[in-house]
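See structure below.
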Amino acid sequence: MRTWKIRQALVAAAVAGGLLITGCSGGGGGERASDSADKSRGSGGATGPMPAPAMPSAPDGDQRQEDGAERDFAPPPDYLSTFALDVDTASYGFARRTLAEGRLPDPSTVRPEEFVNSFRQDYPRPEGDGFSVNVDGARTDADGWSMMRVGLATGAGESQGERPPAALTFVIDVSGSMAEPGRLDLVKESLGIMTDQLRDDDSVALVTFSDSAETVLPMTRLGGHRGKVHSAVDRMEPTQSTNLEAGIRTGYDTAVRGQREGATNRVVLLSDALANTGETSADGILERISDARREHGITLFGVGVGSDYGDALMERLADKGDGHTTYVSDSEEAEKVFCEQLPANIELRARDAKAQVAFDPETVERFKLIGYENRDVADDDFRDDSVDGGEVGPGHTVTALYAVQMKPGASGHVATANVRWLDPDSRAPHEESNQIESGDLEGELWGADGGLRTAAVAAYLADALRRGTSGATEPGDPAVRPDSSTSTSTSTDGPTPEPRYTSGTGQPLPGAPDLSELARHAEDLPTGADSRAVRDLVTAVQQADRLTGGHGGGGSGEMRE
């Protein structure tokens, strides 16, 4: 059996006087045009050191196969999957709102990872900053295919009295479109409640924007001044058009002027993100956020509202601002976001966090990362700490699901999952790792751990919504085997076949049930402390089933070459 040994490669390099190993981009999904310059180093024709998973120190036996042989290996680049971590949930929230109104969401707004990450998982948590890494899985109903879960968790947050103070600049859309019920009224109610829950040593600034922007409250310590905040919030009324660029520019100017040393400085954008005045292109607005991030370290938290919602723009703004997005449609959701999530997640546990999963070519035929197309990172950028990753706060869980097809009769090591991040204060890099064996994938999916089943239901729902009502396979939708020539990556040794099934929307995920059956699986999910979230998921699947006429599922696992 062919093996790849990191130590052997290093010895050979020393003896030979140097060894050039070429690599290619093998991230799990699509690439943003705005990131193409960064990623070009790791895609077709570029060369560089081939990435390999770092093996963390562990008790004897944890890094060894059953025969006792060490499991250090460096897989070929096309067996690597690399992406920036993402804790956004806006796509799922907006989809639920759209389904409840009797409409299917636009497939372009459906991001499966945001569906999956809308549900907390019961992963073990680390002490202090950084992540725990957990890997498990189970067999799907498609022959030879399993669903593998990579679960990352950060430690719990400090109590309100122990966290650093916060300096929050709220940038609030007061354009005419915000007059719709469930928009500005919801924002004002939430801000009022949150103002009473923040600490006295926290600071708040308020910026409003419509056709122009105005700082209605400069950065103000809450102790003794909560009445000023309440008064400024109460005076907000919807007015004219949406100059989002002016709001962002003024918001960041206000945040920079009010920046506090030793505090967590953050801009919170509350909007339907329907820009129609001033600079409306994403690139023009994004540049302002990028400058403030680099120079002052001010992160962005985007909160979307409204039945018409600029999902793509809000997501790009938050990604460029080293932040994340969520979506609220009612008072209960808004109170959870503003009064629980935001205060609890003011601090960070990790900066520029990236994950890399290395699949073993001796056991794995092919695989697909479900979602994360917009978070793709070139494989050889995994340990390049100048390449942007995701910012993750305390108490978060991040889940990545893979569809994995094993080689017939193969057993043993399946994959090694690595996460790399920078310390939020010192910026020192850290890594953690874990791995999975074929025996860990032998159980049946719908009899597996409740968290895995919940993630699977969410992923299958997102997959069905991406395909709409037809369920037809789109032309040019490849399912590439290692011996196929349909999709290749270039290295100095010639074309290297890509084994990944990288389709976007056309073909069902392996083992996907139809939505009627998926609803039954959802009804069997454990509820526990997350009972409302599970009930909402059941409802969403049922609504999608009705709206698609029963054509939103059914993946056999038979995929075209």
Step-by-step salt bridge (charged side-chain N to carboxylate O under 4.0 Å, His left out) determination, D463 to R467
CA-CA 7 Å; D463 182 60; R467 291 181 285 107; 3.3 Å; yes

Steps toward side chain to side chain contact (heavy atoms under 4.5 Å, CB included) verdict (V357, L369): CA-CA 10 Å; V357 180; L369 172 60; over 6 Å; no

task: Could you go through the side chain to side chain contact (heavy atoms under 4.5 Å, CB included) check for L168 and D202 one step at a time?
output: CA-CA 8 Å; L168 306 176; D202 292 330; over 6 Å; no

task = Go through R375 and V377 one step at a time and tell me if the side chain to side chain contact (heavy atoms under 4.5 Å, CB included) criterion holds.
result = CA-CA 6 Å; R375 306 295 284 166; V377 172; over 6 Å; no

Q.
Let's go through L269 and M314 carefully: what are the C-alpha distance in whole Å and the side-chain angles of both, what is the deciding distance for side chain to side chain contact (heavy atoms under 4.5 Å, CB included) to 0.1 Å, and is it a yes or a no?
A. CA-CA 9 Å; L269 173 63; M314 183 70 90; 3.7 Å; yes

Exercise for the section: Decide salt bridge (charged side-chain N to carboxylate O under 4.0 Å, His left out) for D449 and R149; before the verdict, give the C-alpha distance in whole Å, the side-chain angles of both, and the deciding distance to 0.1 Å. Expected result: CA-CA 11 Å; D449 169 83; R149 176 175 61 163; 3.2 Å; yes

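Here A410 pairs with T363, K407 under the side-chain contact (heavy atoms from CB on, under 4.5 Å) rule; sequence neighbours left out. Judged as a side-chain contact (heavy atoms from CB on, under 4.5 Å), and not counting sequence neighbours, the contacts of E332 are D330, R532. Every residue was checked against the salt bridge (charged side-chain N to carboxylate O under 4.0 Å, His left out) condition with R535, not counting sequence neighbours, and none meets it. Partners of Y402 by ring-ring contact (aromatic ring centres under 6.0 Å, His included), not counting sequence neighbours, listed by chain and number: F359. Taking the side-chain contact (heavy atoms from CB on, under 4.5 Å) definition, one finds that R96 meets it with Y92, E333, D536, A540, sequence neighbours left out. Scored by the salt bridge (charged side-chain N to carboxylate O under 4.0 Å, His left out) test, E114 finds R111 as partners (sequence neighbours excluded). Under the rule for a ring-ring contact (aromatic ring centres under 6.0 Å, His included), the partners of F131 that lie at least two apart in sequence or sit in another chain are W421. Residues passing the salt bridge (charged side-chain N to carboxylate O under 4.0 Å, His left out) test with D425: none are found, sequence neighbours excluded. Residues meeting the salt bridge (charged side-chain N to carboxylate O under 4.0 Å, His left out) test with D272, sequence neighbours left out: R183. Partners of D106 under the side-chain contact (heavy atoms from CB on, under 4.5 Å) rule, at least two apart in sequence or in another chain, are S108, T109. Y123 pairs by the ring-ring contact (aromatic ring centres under 6.0 Å, His included) definition with nothing, not counting sequence neighbours. In this structure F301 satisfies the ring-ring contact (aromatic ring centres under 6.0 Å, His included) test together with H324, sequence neighbours excluded.
With hydrogens and angles disregarded, a donor-acceptor distance shorter than 3.5 Å links the side chain of Q121 to the backbone of G451. Y372 places no side-chain N or O within donor-acceptor distance of the main-chain N or O of T82, the cut-off being under 3.5 Å. Judged by distance alone, the side chain of E391 and the main-chain N or O of D352 form a donor-acceptor pair under 3.5 Å. Side-chain N or O atoms of T326 include none that pairs as donor or acceptor with a backbone N or O of A90 at under 3.5 Å. Side chain of R266 to backbone of T299: no donor-acceptor contact under 3.5 angstrom is found.
Residues F94 and S307 share a closest heavy-atom pair of CE1-O, 3.4 Å. Looking at every heavy atom in both residues, V110 comes nearest to P112 through O-CD, 3.7 Å. Counting all heavy atoms, side chain and backbone alike, E347 lies closest to P394 at O-CD, 3.3 Å. For G511 against A142, the heavy-atom pair with the smallest separation is N-CB, 3.3 Å. Nearest heavy atom pair, residue A153 against residue T397, reads CB-CG2, 4.2 Å. Here the closest heavy-atom approach between residue N117 and residue D88 is recorded as CB-O, 4.3 Å.
With values rounded to the nearest 0.5 angstrom, E101 atom CD is found 9.0 Å from S329 atom OG. To the nearest 0.5 Å, the span separating CG on L99 from CG on D545 amounts to 11.0 Å. Taking CD from E523 and CG from L537, the interatomic distance works out to 10.5 Å, rounded to the nearest 0.5 Å. Taking CD of Q542 as the start and CG of L461 as the end, the distance is 11.5 Å to the nearest 0.5 Å. We find the CD-NZ distance between Q405 and K368 to be 14.5 Å, quoted to the nearest 0.5 Å. Separation of atoms CG (D440) and CG (D136) is listed at 8.0 Å; rounding is to 0.5 Å.
More than 12 heavy-atom neighbours from other residues, nucleotides or ligands sit within 6.0 angstrom of CG on D385.
Two residues are said to be in side-chain contact when any heavy atoms from C-beta on lie closer than 4.5 Å; M194 and L191 meet this criterion. Within the 4.5 Å cutoff, side-chain heavy atoms of L152 are placed close to those of V133. You'll find the side chain of T399 stays beyond 4.5 Å of the side chain of F119, heavy atoms only. Counting heavy atoms from C-beta outward, D129 and P424 have side chains that approach closer than 4.5 Å. Using a 4.5 Å heavy-atom threshold, the side chains of P124 and N134 count as touching. The shortest side-chain heavy-atom distance between I370 and V116 does not fall under the 4.5 Å cut-off. Side-chain contact between H413 and Q435 is present, with at least one heavy-atom pair separated by less than 4.5 Å. A heavy-atom distance below 4.5 Å is not found between the side chains of D379 and Y79.
Between the side chains of S438 and S411, not a single donor N or O lies within less than 3.5 Å of an accepting N or O. Between Q356 and E431, the side chains place no donor N or O within less than 3.5 Å of an acceptor N or O (distance only, hydrogens not considered). Using a 3.5 Å distance cut-off with no hydrogens or angles, the side chains of S132 and R125 do not pair a donor with an acceptor.
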